[in-house]
Protein chains: 2
Amino acid sequence: MPRGNCQGQGWWHGKFKGCGYRLTAGREAILDILSKSEGHLSAEDIYMKIHSRYPNVGLTTIYRTLEVLSNLGMVHKLDFGDRRARYELAEGPEGAHHHHHLVCTDCNKVVDYTDFIDEEVELLRETEKGLGAKYNFQITNHVIQFYGLCGKCSGKK
Amino acid sequence: MPRGNCQGQGWWHGKFKGCGYRLTAGREAILDILSKSEGHLSAEDIYMKIHSRYPNVGLTTIYRTLEVLSNLGMVHKLDFGDRRARYELAEGPEGAHHHHHLVCTDCNKVVDYTDFIDEEVELLRETEKGLGAKYNFQITNHVIQFYGLCGKCSGKK
DNA sequence: TCTGATAATGGAAATGGTTTTCACTAACTA
DNA sequence: TAGTTAGTGAAAACCATTTCCATTATCAGA
Ligand SMILES: [Mn+2]
Ligand SMILES: [Mn+2]
Ligand SMILES: [Zn+2]
Ligand SMILES: [Zn+2]
C-alpha cells in the first residue's frame, strides 16, 4: 500500500489505515494526547503525559510517530528557537484551524493568533502564487512567526 | 560600558567598540567572511572558510561571536529545518536589505526573495501593530518562510 | 481463527550540533 | 607600560534526536 501523501478525508483511524500504517496502542495514545492538550508540546512533554497511562510507550516511538504524523500532514512540527521541536495537531476532527504564532523571546510564551489571518490569507495566497511562478517552486506551506517581548517580560525591564 | 541593545549607526568597527566589546582578530575574520560570502552559512561553514586564512580561530569562538552579533542585531540566526543554525548578515555597510525565504524541503535549497515585500511590508506593519496591541506584545521582528519543492525536486518525482 | 510476513517497538548506544569549563592570552584603559 | 578582565582554544560535557537490534504485535490472507 502506498505511503506518503495520503491525506484523505475523515479522521485519523481511517487516515492511518488508508496509508498502510498499522494502528498501534502507542500511536493512538499519542494522537489522544495531542488532541486533548492544547498545542506546542515537545516530544518529551508528550512522553511524560503518556507515561502515566501507558507506561510502556517509549520515547523513541513518540519521535517516530510524530515524524509519521508530520509526513502525513496531521501534525505541524514547530520551532520556536529553544532547541527542541514542538508539535501541534494540524486539524481536529472538525477540521483545520490554521493559525500563526507570536513568540516571546524572553520567557518563550507562545500565542496562537488567527485575528489578522483574513487579510493575511489573501496576500499569502497571492504571494505563494507569485513566488511559485517566479522561482519555479511548488509551495506547500509557510511559517509566519512574530518575535518580541510579552507584556510580563517587557515590564520586567 | 553597556552591553545589549546597542544598535547604533555606522558600520561594525564603531558598533563593536561602542557596545564595549573588544575588537579581536577572530571577530574581524568572522565579519569579513560573512560580508563576503552570500548568506546562510552554518557555524562550521564559517569555521572552514576562516580556517585556511586564520588557522588559530576556534569553532567555539565562531559560536560565541555569532551569538554576540545576533544579540547586537548585526546577524540573523536562521533555521531551515535541517538541524543546524545558519547565519546571515542583517545589513551590509550600505544598509539593510530585508528579505524572506523560500525553502525546498527536499534538497534544502534556499531562495532569498524581496519581490513581494512591498505589499507584504504594508500588511506586516499593520499586523505587528494590531497584534502588539491586542496581545500586549512588543514585537521586534518576524520570520516568514515558504516551504515547498524547487523545480529540480518536483521534477524528480 | 490461525499464521506468516514484516511493520513497529523499546532500551541502549550512538550521533552531532552547540555549550560549558578552565587555564591561558591579548585588548584596552588609565 | 602595566593591570584588569574580556576573549580565546581545546577538550569535555550536554542533550535532543537518531540509529541499532533483538523482540513483539498488527493484520492480510488462508
Ligand atoms: Mn499553535
Ligand atoms: Mn537570506
Ligand atoms: Zn515573555
Ligand atoms: Zn529542491
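Proteins come first, then strands; the chains are lettered A, B, ... in the order of their sequence lines, and each starts at number 1.
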Before accepting this row, confirm whether a basic side-chain N of the pair Arg86(B)/Asp45(B) lies closer than 4.0 Å to the acidic partner's carboxylate O. yes
Rounding to an integer number of Å, can you tell me how far His13(B) NE2 sits from dA27(C) P? 13 Å
Taking CG from Leu66(B) and C1' from dT8(D), how many angstroms apart are they, rounded to a whole number? 15 Å
If we count only N and O atoms by modelled type, under 3.5 Å, do the side chains of Tyr113(B) and Glu120(B) hold a donor and an acceptor together? yes
With ring centroids as reference points, do His142(A) and His98(A) lie under 6.0 angstrom apart? yes
Distance-only side-chain donor-acceptor flag, His100(B) / Gln145(B), under 3.5 Å: no
Within this structure, what is the OH-to-P distance between Tyr47(A) and dC15(D), rounded to whole angstrom? 17 Å
How many Å lie between CZ on Phe16(A) and P on dA7(C), as a whole number? 15 Å
What string of B, S and - do you get for nucleotides 16-26 of chain D 5' to 3' if you count protein non-hydrogen atoms under 4.0 Å? SSBBB----BB
Between atom OH in Tyr21(B) and atom P in dT8(D), what is the gap in whole Å? 12 Å
For the pair made of CD1 in Ile30(B) and C1' in dT8(D), what is the distance, rounded to whole Å? 11 Å
Nearest whole Å is fine: how far is dC27(D) C1' from Arg27(A) CZ? 13 Å
Give, for atom NZ of Lys77(B) and atom CG of Leu66(B), the distance between the pair rounded to the nearest 0.5 Å. 9.0 Å
Excluding sequence neighbours, so at least two apart, what forms salt bridge (charged side-chain N to carboxylate O under 4.0 Å, His left out) with Asp79(A)? none
